[in-house]
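All chains are named by letter (A, B, ...) in the order of the sequence lines, taking the proteins before the strands, and each is independently numbered beginning at 1.
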Protein chains: 2
Amino acid sequence: MTATAPRDETVYEAPSARQQAVLDAVLALLVEEGDQLTMDAVARRASCSKETLYKWFGDRDGLLTATVRWQASRVHAGRDAVGTLDAATLRERLLDFAASWLDVIAGRTSVVLNRIAIAHAGSRKGNLGAIVLANGRLAIGGRVKPVLEAGRTAGLLAFEDSETAFRTFFGLVGRDIQIRLLLGDALDLDAAEIRRDAARAVDQFLALYGQARP
Amino acid sequence: MTATAPRDETVYEAPSARQQAVLDAVLALLVEEGDQLTMDAVARRASCSKETLYKWFGDRDGLLTATVRWQASRVHAGRDAVGTLDAATLRERLLDFAASWLDVIAGRTSVVLNRIAIAHAGSRKGNLGAIVLANGRLAIGGRVKPVLEAGRTAGLLAFEDSETAFRTFFGLVGRDIQIRLLLGDALDLDAAEIRRDAARAVDQFLALYGQARP
DNA sequence: GAGGCCGCGTACCGTACGGTACGGTACTGG
DNA sequence: CCAGTACCGTACCGTACGGTACGCGGCCTC
């Protein structure tokens, strides 16, 4: 029963429409302006008063946290029914994960949010870092592993520990891309490139863990 | 001729002993205090005046840059004579790279410096990001690729593009480790764990790219 | 021992920015 | 029509921190 739902440790009430607009303003500002985000700028951009900002989100950190959570809530799309798998579907599913994951991490928003979270993790209370981790790396792990296990059940994959297998998958897909982007490398991946990368990663993963059905 | 030397784009004069002491103080402070590094704190810690700091390094950015460069200059150890390779030596060399690379990125210093550089890349002039990239990802790439190519020449490896092969290697070694550490995940790797990880990565890499000598 | 540097310590300045206070406007319920 | 609430806009406060100025002691050179 602990299956697909993306472990929301505490239930935070969803932001109202107006609040969502504010959070979108934060995201936009973050993407445009790099990360020296000031409360003044947010208030101006969102056409609201700073006082409201503080009333709604407590403080700057609260605003950032809400923003990260808000963005995360959008990404959690995806139907994950794991039925029985044949080789083609397994491959398809992995491809799907790989491509959409690359798509996310290559996006400006993801890069900026990760930067914020990393900076935050560097200066006490790694709250943001934990949130990003939970909604990024861990969330996708939680969704991929069942597929891997289903693949094993179907005799298509061989591994002992799905976590380890997943981490290899993760490495094959992401390689140096995320760190390069975070460090400011240009490196723009278009859709075609992403598809190619994803395919290569999946091929390699299957080469390592796949087995012809005995 | 463009071979092993780690592309130092501009020659910066090495810091004097006293300056090195200051930079070490910065590193220590960074490691201890997270990243809210103030010039005051540096001056206090290094027992020098702020004025001297500014005289030597120009401004805060200059100090950070010098620190990153200073740390980088320490890592560049390593004899890289690429002779003829047999399978065992190739494996050995790759293992070596993998383990020492993991060792570096798992270190507090690396994590903190990467955090700084990433934050910096987020707010205009990605200077630090570029430097870290050049001395991290790119430097190790520059050192591994010749080995891979020697392996190919010796008929031990098969690949078309050494860059691509290296990136796979990179992914297999690093997996999710760096991003997790940057985001504040605990995840402490002891030496044994690192050796195991490195061995697994090399095995996987050889499974993908190795070939029995024909 | 006199001048000149270098660099330490400390006091100081300016400003950017997080956070608060307050007046003014619109809407709601009674 | 009035009280209450919500929220915008703006002015304001406090402080942390980057950067500068200055005085003083140690060290060289002559």
Checklist entry - Just by distance, with hydrogens left out, do Thr109(B) and Gln71(B) show a side-chain donor and acceptor under 3.5 Å apart? => result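 Judged by distance alone, the side chains do not pair up.
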
Checklist entry - Between Ser123(A) and Gln36(B), does any side-chain donor sit less than 3.5 Å from a side-chain acceptor? => result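 Short answer, no.
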
Checklist entry - Looking at side-chain heavy atoms only, is the closest gap between Asn114(A) and Ile179(B) below 4.5 Å? => result yes

Checklist entry - Taking side chain as C-beta onward, heavy atoms only, is Asp61(B) less than 4.5 Å from Leu128(B)? => result no

Rounded to the nearest Å, what distance is computed from the [atom1] atom of residue [X] to the [atom2] atom of nucleotide [N]?
X        : N       : atom1 : atom2 : value
Asp61(B) : dG19(D) : CG    : C1'   : 13 Å
Gln36(B) : dA16(D) : CD    : P     : 13 Å
Leu53(A) : dA21(C) : CG    : C1'   : 16 Å
Met39(A) : dG9(D)  : CE    : P     : 15 Å
Asp35(A) : dA16(C) : CG    : P     : 17 Å
Glu33(B) : dC17(D) : CD    : C1'   : 16 Å
Asp40(A) : dC13(D) : CG    : C1'   : 13 Å
Arg18(A) : dC7(D)  : CZ    : P     : 9 Å

Checklist entry - Touch check for Leu63(B), heavy atoms < 4.0 angstrom, all strands: base, sugar-phosphate only, or nothing? => result nothing

State which of [options] makes the closest approach to the side chain of [X].
X        : options                   : result
Thr52(A) : dG18(D), dA11(D), dC8(D)  : dC8(D)
Lys50(A) : dG18(D), dG18(C), dA21(D) : dG18(C)
Arg60(B) : dC8(C), dG18(D), dG18(C)  : dG18(D)

Item to check | Contact nearer the 5' end of DNA chain D, comparing Ser49(B) with Tyr54(B) | outcome: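 Nearest nucleotide further toward 5': that of Tyr54(B).
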
Checklist entry - Any side-chain N or O of Thr38(B) less than 4.0 Å from the OP1 or OP2 oxygen of dC17(D)? => result no

Checklist entry - Quick one: is Trp56(B) getting a side-chain N or O under 4.0 Å of the dC6(C) phosphate, OP1 or OP2? => result no

Next on the checklist: Could you walk me through whether Arg137(A) and Glu163(A) satisfy the salt bridge (Lys or Arg N to Asp or Glu O under 4.0 Å) test, starting with their C-alpha distance in whole Å, then the side-chain angles of each, then the deciding distance to 0.1 Å, before giving a yes or no?
Outcome noted: CA-CA 12 Å; Arg137(A) 159 60 242 261; Glu163(A) 171 73 6; 3.3 Å; yes

